[in-house]
Structure formats: C-alpha cells, structure tokens
Engineer: 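Once you've had a glance at the structure underneath, I'll fire off some questions.
Predicted, not measured: the structure shown is a model, and the values here were computed from it. So you know, we letter chains A, B, ... as the sequences are listed, proteins then strands, and number each from 1.
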Protein chains: 2
Amino acid sequence: MTETAPRPTLEAVAARAGVSRATASRVVNGGDGVREPLVERVRQAVEELGYVPNQAARSLVTRRHDAVAVVIAEPETRVFADPFFALQLRGISKELTAHDNQLVLLLTEGRDDHARVARYLAGGHVDGALVFSLHLDDPLPGLIRGAGIPTVFGGRPDWHGGPEAAVYVDSDNRGGARAAVRHLAGLGRTRIAHITGPLDQTSAADRLQGFRDVRGDADPHLVAESDFTPGGGERAMRELLARRPDLDAVFAANDLAASGALRVLREQGRRVPEDVAVVGFDDMLPVAEGTDPPLTTVRQDIEEMGRIMARLLLRRLDPNATDDPPAGLVLPTTLVRRASA
Amino acid sequence: MTETAPRPTLEAVAARAGVSRATASRVVNGGDGVREPLVERVRQAVEELGYVPNQAARSLVTRRHDAVAVVIAEPETRVFADPFFALQLRGISKELTAHDNQLVLLLTEGRDDHARVARYLAGGHVDGALVFSLHLDDPLPGLIRGAGIPTVFGGRPDWHGGPEAAVYVDSDNRGGARAAVRHLAGLGRTRIAHITGPLDQTSAADRLQGFRDVRGDADPHLVAESDFTPGGGERAMRELLARRPDLDAVFAANDLAASGALRVLREQGRRVPEDVAVVGFDDMLPVAEGTDPPLTTVRQDIEEMGRIMARLLLRRLDPNATDDPPAGLVLPTTLVRRASA
DNA sequence: GTGAAAGCGCTAACAC
DNA sequence: GTGTTAGCGCTTTCAC
C-alpha cells in the first residue's frame with residue numbers, strides 16, 4: 001500500500017506561521033476577524049506545507065459533513081435504460097460541487113438494501129439526502145422520513161399516508177402529456193391512442209392522467225399499458241393496431257416506447273406522420289433525433305431537475321437561510337416539434 | 001431543519017451494558033476476545049439504544065474511511081450518451097456495498113475540476129479511487145498518481161510517462177474488434193470498412209488497431225473517423241459510401257454509430273445484411289436490439305467490469321491481503337450474432 | 001478478558 | 001484580535 005506520509009496538521013501550520021491553532025483555524029475557515037498580516041502568514045504556511053484539513057476531525061466537532069447522499073432506488077428498472085439517471089446526477093453534482101459538498105451515491109437493489117440505506121442515512125454520515133423513488137408502493141420514502149434527515153425527492157413520491165409535506169421536484173408530466181395530446185388533436189387527429197409507461201411509477205401514471213384530461217372520453221381500447229422500453233412499445237403498438245386499425249395518432253409515454261411503436265408502424269406500412277402521427281416524451285437524445293422520422297416529443301430538462309433538487313436541499317441545510325424553501329416544485333415541459341407529428 | 005436528536009454514543013451503550021467503553025467498542029467491531037455473556041449484553045444495549053457508530057470519530061483514529069471515490073472525467077462526452085456509465089456504477093456499487101464501503105462520486109467538467117479532484121483525493125477523505133479517464137492526453141491520471149492514493153483505472157490509461165505500472169481494468173477492445181472483422185471476413189466480405197470512435201480515447205484507438213490487425217492492408221478510404229454517436233455514424237457512412245460505393249461490410253466502433261450507419265444504408269437502398277453486413281460494438285441494449293435489423297455486435301460486460309475494478313481496489317486496500325493483485329486486467333469480449341451480419 | 005487512559009485533529013467558547 | 005482550553009466520539013496501547 002502507499003506509504004502514508006503523515007499529513008501536516010493545523011498545529012504544524014500554526015507553528016510555522018507563529019500563531020495559535022485557533023487563529024490558524026480561523027484563517028482556514030474564511031479568515032474573518034483575523035488581521036491581514038497574520039492571515040497572510042497562515043496562508044503561506046498552508047501553502048508550503050500542503051495542508052489539507054482533516055475532514056473527520058472537523059466533522060467530529062461541527063457535526064456537519066458537507067456531504068449529501070443520492071439514493072437511487074431499483075436501478076434495474078428504467079433508470080438504467082436511458083441517460084436519465086446520468087443527466088440527473090450531473091446536475092446534482094454540479095450544484096453540490098459549487099457548494100463544496102460531496103456526493104455519496106447509494107444504489108439500492110431491492111428490499112434488502114432498504115434497511116442498509118435507512119441505517120446509513122440515520123447514521124449521520126451525511127447532512128441530507130436526494131432520493132429517487134420511482135415506484136408507487138416503494139417503502140423507501142417512508143423509511144427515509146423515519147431517518148429524520150432533510151430530504152428532497154426526485155419525482156413525486158406516492159404518500160399512502162396522506163398529504164404530509166414531502167419536498168420534491170418533478171417534471172410536469174401531466175401538463176406535458178396534455179400538451180402532446182392537444183398537439184395531436186390540433187393536427188386534426190381524432191383517434192388518438194396512448195402507450196403508457198409502467199403505471200406503478202408516478203411519472204407514467206401522471207402522463208396517462210394528462211392524456212385522459214384531454215381525451216377522457218376516449219375508447220379504452222385506445223390505451224395500451226407498456227413499460228417504457230422499445231420492445232414494450234412494439235407490443236403495445238401491435239395491440240393498438242389490432243384493436244383499432246383506424247387510429248391516426250399515438251402518444252407514447254416516453255421516447256423509447258415511441259421508437260418501438262415507430263418500428264411497428266413502418267413494418268405494417270403506415271406512414272408517419274401522414275397516416276399516424278406520433279409523439280413521445282423525454283426528448284431523450286439521441287433516441288428522439290435518431291428515429292425515422294425524428295420524433296416530436298415533450299422535453300423535460302433532466303439535468304436542471306437534478307440541479308434544482310440539490311439547490312433545494314442545500315437551502316434547507318443552510319442554517320442561516322432566511323426564506324422557507326418551497327415544498328414541491330414542478331418543472332415545466334416543452335413540446336419539441338420534429339417530423340413525426 | 002430536523003431537530004437533531006442527540007444520537008447515543010458508545011459511552012451510553014457501555015453504561016447500559018455495564019461494561020467499559022473499550023469492551024463496547026470491541027463488540028461493535030466484531031467482538032473478538034470478549035466473553036459471550038458480555039457480547040450479548042452489549043449487543044442488546046446497541047439494539048435498544050439504536051446505536052450507530054460515529055464514522056467521523058472512528059476515522060479520526062483509524063485513518064480509514066471505508067469510502068472510495070469514483071472519478072468520472074468529462075461526462076459531457078460519450079459517457080452520458082449511453083448507459084455505460086450507469087452500468088459501471090452499478091457494478092462498482094454492488095461490490096463496494098458488499099464490503100461496507102461508501103461510494104463518493106466525483107464528476108469532472110474540464111480542467112478546472114482537476115485541481116479540485118486532486119485536492120480531494122490527496123485530502124485523505126477516501127481510502128482509494130476508481131478513475132475513468134477516457135482521453136489520451138488527460139492530465140487527470142497523472143495528478144491522481146501524485147495524490148498518492150491507491151487507484152484503479154477504468155479503461156487503459158495512456159501513460160505519456162512510460163511504462164510505470166498502472167492498475168487498470170479494460171475490455172479487450174482490440175481482440176473484440178478483431179473478432180468482429182474476422183466474422184465479417186468469414187462471411188465472405190472482402191471490402192470491409194471501419195467507422196472509428198474518437199481516436200483520442202484508448203477504447204476507440206484499440207478498436208481501430210484491432211481492425212488493422214486483420215485488415216492492415218485495407219484501402220485507407222475504408223476507414224472513416226467518427227465519434228461514437230448516431231449522427232457521427234451517419235456522416236461516416238455517407239463518406240464511406242461516397243469513397244467506396246462497392247463496400248460490402250462495415251464494422252462500427254460502437255452500437256450507436258452502427259445505428260446511424262444502418263439508417264444511411266437503408267436510406268440509400270442498401271439491404272442489410274445482404275448488400276452490406278454491419279457489426280457494432282458494446283452490445284448496448286436497447287440500441288443493439290432495437291435497430292432494424294437487430295445488430296450483430298461485440299459484447300462487453302460493463303457491469304462486471306465495474307465490479308472487478310472495485311474488487312481490485314478493495315484488495316489493494318486490504319492491509320492483510322496476502323497475494324499481490326494483478327496490475328492490469330483485460331476482460332474478454334464476445335461476439336453476439338443477430339441479423340445485421 | 002477487561003478497564004483506564006491517552007490521544008486522533010479540529011472548532012468554539014471563553015479569557016485576555 | 002488572538003490565545004488557551006475543553007471537548008467532539010472513538011480506538012488502542014497498556015496495565016491489571
């Protein structure tokens with residue numbers, strides 16, 4: 001193993017600068033209330049010694065960690081099928097880094113991990129948590145609330161327990177879906193079908209709700225349940241075509257499913273958008289741009305969502321924050337027009 | 001803010017169990033050399049109090065953190081274009097979790113972040129690092145070695161500095177490429193083209209090398225440089241078709257580029273695989289399965305690669321590891337046959 | 001086998 | 001302003 005060169009302590013810095021440990025500490029932590037010449041001397045000592053504060057020692061007394069956990073539940077599902085997750089993390093990371101916080105990643109793989117995560121969060125290793133819980137009946141959110149640690153959820157969690165205030169950030173799935181369907185209707189389409197996502201996820205449920213907001217009177221045969229995958233999109237499309245050969249538009253709950261639908265439409269000789277107009281959701285590049293024809297879709301800014309989650313958490317963590325942060329935040333979506341509708 | 005309920009300390013546990021702090025500590029850390037009845041009493045006290053060790057206090061004395069940093073350089077590039085990254089992380093996470101280590105994620109966004117990461121790693125916050133450095137001239141690997149912290153690289157790093165032993169895990173890019181090209185040749189194809197990835201990444205460079213191993217004598221016009229994206233694959237394909245309209249096979253450096261190539265071939269009325277056979281690389285689902293026709297491709301087990309990286313690092317970190325861990329590990333790839341070749 | 005005691009490196013009162 | 005001092009909660013010799 002690497003020879004552990006004994007790292008310099010604050011003591012050493014203080015000695016070299018000819019000041020007390022307390023003064024050295026003050027300088028290291030911003031230097032307020034220390035006279036300029038001393039500040040300079042300490043800075044120099046830090047420089048020369050290559051001093052880096054021992055975070056463990058610091059945390060021990062401050063009880064802060066400047067670290068935030070990011071909990072991603074059940075990554076075997078959609079999270080890994082698309083860059084969603086990566087973009088989200090990137091936004092989070094940027095924001096945390098800007099505020100000198102570390103990102104501790106906790107991936108869970110089913111129930112066994114729940115206890116582990118709960119213990120970790122309750123264990124006071126991090127100051128707060130960012131949690132992605134995608135499923136309606138996920139016990140994780142409840143466990144985490146039990147851990148009593150400031151938390152912001154990604155995506156609207158489903159509270160069986162009633163309307164307790166959960167802080168979360170979500171895309172306007174419902175509104176986006178409405179915009180998609182209205183766009184299709186505006187094109188003069190009258191037999192608009194919907195390929196849903198897995199309905200145990202709030203995002204998919206909300207998109208279906210948005211579809212119903214506009215087409216509440218639609219023939220139930222125009223809705224096919226699916227799973228956010230290309231294969232699932234294919235199956236759903238075949239099903240819809242069998243049930244309603246006269247359909248003239250499809251709103252798929254995400255781009256991946258839309259790409260599957262597109263393939264089936266082409267295979268069955270339907271022209272897109274002439275015979276059947278198609279709209280997706282996510283604007284997940286490169287899928288949306290890569291389909292044939294390129295996909296009209298509902299765009300959500302995933303990276304921004306991550307950034308906002310982090311910002312929200314950091315604000316709740318800040319002891320001298322003045323204003324009450326919002327409890328829930330729903331980010332707008334926008335319709336991106338390409339060739340498919 | 002959450003009301004910080006004062007967490008029980010070891011002291012409290014010891015008191016409740018009627019033992020000394022030292023004994024309580026022994027039990028909490030495995031309980032070797034403590035008599036059974038005492039062990040039991042301490043365990044019970046821990047249970048009743050809901051005691052969780054304070055990691056900061058522990059690190060302060062042990063100088064271990066049970067935490068590993070994962071550094072991903074420049075995620076704006078390909079890393080975010082595909083689930084590569086997510087799968088890798090999943091493998092790493094599983095392995096670290098199994099050994100009670102935390103995963104601290106460090107995403108870097110260009111040179112500015114390098115110093116930050118180097119400082120962090122040198123700062124003794126983590127026991128080791130897993131580093132993904134994709135670019136040939138990336139200064140990060142050098143900086144990290146300077147930090148003097150045990151490190152395992154993901155993907156073969158490029159050492160300007162000569163053959164110092166860098167520990168890394170990589171896929172057999174070169175061998176995989178050879179297999180792909182040989183497969184094409186075995187199909188009787190004689191005018192095999194190659195769409196490269198960005199050649200400043202070792203993976204892309206190695207795949208090109210593999211292509212050349214088999215077709216060293218190929219017309220240079222049969223190689224088009226590209227960038228691992230569908231759009232790039234399209235451009236490269238057009239270029240190749242313009243230069244060598246008689247080509248009868250294409251080996252694309254990844255599945256995304258292959259999907260772009262496929263689109264252009266279809267658009268230009270070439271049948272796949274009859275007129276032009278196509279092979280990709282990665283076996284990145286759902287891309288590879290989702291193309292039309294589904295892609296024959298070279299599979300690499302990304303998640304396993306992550307897991308092995310973590311395992312290797314953990315072994316280097318283990319003070320009572322007996323055997324010398326290997327310095328470099330190249331994981332095999334396998335050809336997956338689908339319809340495109 | 002168990003306990004007493006000495007710190008790990010740092011911050012935050014509190015004096016001066 | 002600056003220094004002195006008392007811990008933060010834990011592990012680990014070292015006696016017993």
Engineer: To the nearest Å, how far apart are B:Arg58 CZ and D:dT11 P?
Structural biologist: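 Spelled out: CZ on B:Arg58 to P on D:dT11 is 5 Å.
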Engineer: Please tell me if the side chains of A:Arg41 and A:Gln44 come closer than 4.5 Å, counting only heavy atoms from C-beta onward.
Structural biologist: no
Engineer: Is the closest side-chain heavy-atom distance between B:Val126 and B:Leu121 below 4.5 Å?
Structural biologist: yes
Engineer: Output the rounded distance in Å from NE2 (A:His65) to P (C:dG9).
Structural biologist: 19 Å
Engineer: Taking only the side-chain heavy atoms of A:Thr9 (C-beta and beyond), determine which of C:dC10, D:dG3, D:dT12 contains the nearest atom.
Structural biologist: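 Of all the options, the side chain of A:Thr9 is nearest to C:dC10.
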Engineer: Rounded to whole Å, please give me the gap between CD in A:Glu11 and P in D:dT4.
Structural biologist: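 Whole-Å distance recorded here is 10 Å.
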Engineer: Indicate, yes or no, whether a donor-acceptor pair under 3.5 Å links the base of C:dT11 to the side chain of A:Arg21.
Structural biologist: yes
Engineer: What is the distance, rounded to the nearest whole Å, between atom CG of A:Asp32 and atom C1' of C:dT11?
Structural biologist: 15 Å
Engineer: Nearest whole angstrom, please: distance from the P of D:dT4 to the CG of A:Leu10.
Structural biologist: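 Roughly 15 Å, once rounded to whole Å.
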Engineer: From the set D:dT2, C:dG9, C:dT2, return the single nucleotide nearest to any side-chain atom of A:Val34.
Structural biologist: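 Per side-chain heavy atoms of A:Val34, the pick is D:dT2.
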Engineer: Does the B:Thr151 side chain pair with the main chain of B:Ile149, one donor and one acceptor, at a distance under 3.5 Å?
Structural biologist: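 Checking the backbone N and O of B:Ile149 against the side chain of B:Thr151, a donor-acceptor pair under 3.5 Å is found.
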Engineer: Does A:Asp127 reach the main-chain N or O of A:His65 with its side chain, forming a donor-acceptor pair under 3.5 Å?
Structural biologist: yes
Engineer: From the set C:dT2, C:dG9, D:dT2, return the single nucleotide nearest to any side-chain atom of B:Thr23.
Structural biologist: C:dT2
Engineer: Check this for me: does the side-chain of A:Arg26 come within 3.5 Å of the base of D:dG3 through a donor and an acceptor?
Structural biologist: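 For A:Arg26, whose side chain was compared with the base of D:dG3, there is a donor-acceptor pair (under 3.5 Å).
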Engineer: Counting the atoms with a prime plus P, OP1 and OP2 as sugar-phosphate, which does B:Val28 contact under 4.0 Å by heavy atoms, base, sugar-phosphate, or nothing?
Structural biologist: nothing
Engineer: When you get a sec, tell me which of D:dT12, C:dT2, D:dG1 is the closest nucleotide to the side chain of A:Arg35?
Structural biologist: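 Output: D:dG1.
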Engineer: Using OP1 and OP2 only, check whether a side-chain N or O of B:Asn54 sits under 4.0 Å from D:dC8.
Structural biologist: no
Engineer: Using the side-chain heavy atoms of B:Ser25, tell me which of these nucleotides is nearest: C:dT11, D:dT11, D:dT2.
Structural biologist: D:dT11
Engineer: Please give, in whole Å, the distance from C:dT11 C1' to A:Arg63 CZ?
Structural biologist: 12 Å
Engineer: On the nucleotide D:dT4, are OP1 or OP2 found under 4.0 Å from the side-chain N or O atoms that A:Ser20 carries?
Structural biologist: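 Result: no.
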Engineer: Could you tell me if A:Asn101 and A:Arg64 have a donor-acceptor pair between their side chains, going purely by distance under 3.5 Å?
Structural biologist: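 No, because no side-chain N or O of A:Arg64 sits under 3.5 Å from a partner of the opposite role on A:Asn101.
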Engineer: Using whole Å, report how far CG of A:Leu60 lies from P of D:dA6.
Structural biologist: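 Those two atoms, CG and P, are 17 Å apart.
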Engineer: Which whole-number value in Å describes the distance from A:Arg7 CZ to C:dC10 C1'?
Structural biologist: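 Taking CZ of A:Arg7 and C1' of C:dC10, I get 12 Å after rounding.
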